[in-house]
Amino acid sequence: MKDNVTHKNKKCEVWAVGSGKGGTGKSFITSSIGIHLASKGKKIVLVDADFGAANLHTFVGVGKPQNSLTDFFEKKTPLKDLVVNCGVSDLGLVAGSMRSFEAENIKSQQKVKFFKHINQIETDIILIDLGAGSHFNTMDTFLLADKMIVVVAPELTAIENLYQFIKSAFFRKLRLVLDAHGLKTTFQETWKDREARGIKSLKDLIEYLICVSPQVRDIISREMSDFNLHIVVNQMRNGQDVFIGSSVKSICMKFLGFNARYSGSVEYDESVTRCINRKQPFMVTYPSSPVARAIGKLSENLLEGKEIIIGKNGSAY
Amino acid sequence: MEAHTEEYNKYFKVLELSPKAAISEIRSSYQRLKTLYSGDSIAITAVSDDFSEEQRQNILSQIEEAYTKLSDLFKNSERIVDGKPKNYKSVILDDSLRKYVADIASFTGSELRKIREKLGIELHDIAGFTRIRRQYFEDIELERFSGFSSEVYLKGYILAYAHYLSLDPAKVANDYIARYKAWKDSDNGSNNGKLQSAFRNQEDNNR
C-alpha cells in the first residue's frame with residue numbers, strides 16, 4: 001500500500017483529525033493540541049486540509065496567509081515552502097485553500113504527491129485538520145495518518161455522522177487494500193451485486209468478504225486490527241456527557257469491530273467562541289482554564305497512547 | 001491474579017478492561033456496559049439503523065457471560081458483617097500464599113499490607129468495592145489507631161478488609177483489635193488522637 005511507501009524514512013508523525021459533522025469543534029481541537037504540544041517543546045506543523053472551508057489560521061490568531069495549499073496544487077510550490085510561522089514558537093501552519101473550490105476534485109496523482117510532501121516537512125508532528133464529512137479525499141488523508149483522531153459532540157446527529165465517517169473510512173481502506181493486493185475485481189463485483197448477496201451494511205460486506213478466501217480473510221483481519229481510532233468528545237455540557245465517549249468507543253469495538261481509544265473530553269465554554277471571534281488563540285489567552293487543561297491532558301494521552309479513565313462519579317482523569 | 005488463560009483474556013476484553021483489572025473495575029465496567037446496551041443512550045440510538053435487536057441481545061449475553069466467568073474467578077460467598085448479610089466477592093489465594101498466611105501467628109497492620117501487595121491489590125480497589133474510605137484501610141495497615149473514633153467502626157473496617165483479601169475475618173479482627181486495645185490502654189490513645197478522629201468524622205458527615 002502507498003502508506004508503506006511514503007512512510008519509509010519518515011521523520012515525523014502524522015496525526016489527522018476528522019469528524020462526521022461540522023461544528024463539533026474539530027479545528028479548535030486541532031489547533032489547540034498543536035499549541036499545547038508546541039509549548040511542551042514539540043515541533044508542530046498544522047495543515048489545513050479542510051478544502052471547502054479553510055480557516056485554521058483564525059484559530060491560531062494569524063491573518064490569512066498569502067500562500068496556501070492552492071499554490072501546492074496549482075503552482076507546484078513545494079509543501080515545505082508553504083509553512084508559515086504562527087505567533088507561537090515551534091508552531092507552523094500550512095494554510096488551506098479557500099479560493100479553490102475545485103479542490104475537492106484533486107486528482108489522485110496530486111494526492112499521492114501531497115502525501116509524499118507531507119512527510120518531507122521537517123518537524124515532530126504534523127496535525128492535519130480535515131474537512132467534515134466523508135468525501136473520499138478526506139478519507140484518503142485520514143487513512144494516511146499514523147494517528148486517526150475523531151472529534152464528536154454529545155448530540156445524536158454528530159454521533160450518527162461519526163459512525164458514518166468511521167464506516168466510510170474503513171470501506172475506503174478495504175477497497176484500497178484489496179486493490180493493492182490485486183483483488184480489485186473481487187471487491188467491485190461483491191459491491192456491485194450487494195443486493196443479491198444480501199449485503200446491507202459494512203458489517204455484512206466484511207462478513208461476506210471474509211468467506212471469499214483465506215487470503216482475503218487474513219488481509220481484512222490484519223487491516224481491522226491496524227485500524228485504531230482515537231475518540232475525542234468536545235463541547236460537553238454536563239457531567240453525563242463524559243460517558244458518551246466510552247459508549248461510542250464501546251460501540252466502535254463491539255459493533256463495528258475496530259480498536260478505539262477514548263483519548264479525551266473537553267467541556268463547552270463560551271469563551272472559546274469569544275476567542276475565535278477576536279482571533280485570539282484560546283490556549284494562549286486562557287492557559288489555565290479547565291478547557292485548556294483538558295486539551296493538555298488530551299494531547300498527552302494522544303502522545304503516549306493512553307486514554308482517560310472515568311471514575312464512578314463521572315469525573316475523568 | 002494468576003494463570004489467566006486466553007479464555008479469561010477474552011472476557012476481560014468483552015468488559016473492555018486490561019487483564020490486571022480488579023474486581024471493583026470488573027463490576028463497574030459490567031454495570032456500565034449492561035446499562036449502555038440495554039438502554040437508549042444517544043450513542044446507541046445513532047447506530048440503531050444497522051443494529052438489530054438480535055445483535056444487541058448477542059452483545060448483552062457476551063457481557064453477561066464475561067461477568068459471570070470473571071466473578072467465578074474471584075470467589076463468591078455470603079458473609080455476615082455487623083449482623084447484616086453482605087455479598088462479598090473475594091480473591092483466591094494460591095497455595096504458596098495460603099501457606100504464608102497460615103504461618104502468621106498474629107495479624108498486624110504490616111502483615112496485612114504484605115498479603116495485599118502479594119495479591120497485587122490496591123487500596124482503592126478495596127475502597128471502591130466496600131465503599132469505605134481508602135484512608136481507613138491505609139490507617140489499618142500503618143496502625144494509625146488514632147484515625148478511628150471507636151472500636152466498633154474499626155472492627156467493621158477490618159472485617160471488610162479481611163473478607164476482601166479472603167482471609168479469616170474473625171481471626172484477623174481478633175488479632176488486630178487486640179493491638180488496638182493495647183494502644184488505647186497505653187498513653188498514645190489520649191486526647192490528640194481523639195481530636196483527629198472527631199475531625200475526620202465531621203468530614204464524613206459533610207460529604
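Lettering follows sequence order; numbering is per chain, from 1. Treat the numbers as computed from the prediction; the structure is a model and nothing was measured.
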Honestly, the part of A:Glu155 sitting under 4.5 Å from a heavy atom of chain B is backbone

- [ ] Name the region of A:Ser246, side chain, backbone, both or neither, that has any atom closer than 4.5 Å to a heavy atom of chain B.
- [x]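 Contact with chain B is through both the backbone and side chain of A:Ser246.
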
Cationic tip of A:Lys203 within the cone over A:Phe255's six-membered ring, i.e. under 6.0 Å and within 45° of the normal?
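Yes, A:Lys203 lies over the aromatic ring of A:Phe255.
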
Cation over ring, B:Lys118 on B:Tyr100, under 6.0 Å and within 45°?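 The answer is yes, since B:Lys118 meets both limits relative to B:Tyr100.
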
Ranking B:Thr45, B:Val14, B:Val47 by heavy-atom pairs under 4.5 Å to chain A gives rank one to B:Val47

Just give me the residue among A:Ile251, A:Leu256, A:Val248 that pairs up with chain B most often, heavy atom to heavy atom, under 4.5 Å.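 With the most close heavy-atom pairs to chain B, the winner is A:Ile251.
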
Ranking A:Glu160, A:Lys254, A:Gln164 by heavy-atom pairs under 4.5 Å to chain B gives rank one to A:Lys254

Checklist entry - chain A heavy atoms under 4.5 Å from B:Ile44: which part of the residue, side chain, backbone, both or neither? => result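 Both parts, heavy atoms under 4.5 Å.
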
- Message: Counting only non-hydrogen atoms closer than 4.5 Å, does B:Arg32 touch chain A with its backbone (N, CA, C, O), its side chain (CB onward), both, or neither?
- Response: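 Just its side chain gets close to chain A.
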
If we check side-chain hydrogen bond (donor to acceptor under 3.5 Å, both in side chains) with B:Arg116, which of these qualifies: B:Glu111, B:Glu122, B:Glu141?
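Only one option passes, and that is B:Glu141.
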
For B:Tyr161, the ring-ring contact (aromatic ring centres under 6.0 Å, His included) test, sequence neighbours excluded, returns B:Phe137

Given the rule in the salt bridge (charged side-chain N to carboxylate O under 4.0 Å, His left out) test, do B:Lys10 and B:Glu7 qualify, once you have shown the distances and angles that lead to the verdict?
-> CA-CA 5 Å; B:Lys10 189 185 87 190; B:Glu7 193 196 354; 5.9 Å; no

Is the backbone N or O of B:Lys155 less than 3.5 Å from a side-chain atom of B:Tyr176, with the two atoms forming a donor-acceptor pair by type?
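Not at all, since once roles are kept as given, no pair shorter than 3.5 Å links the two residues.
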
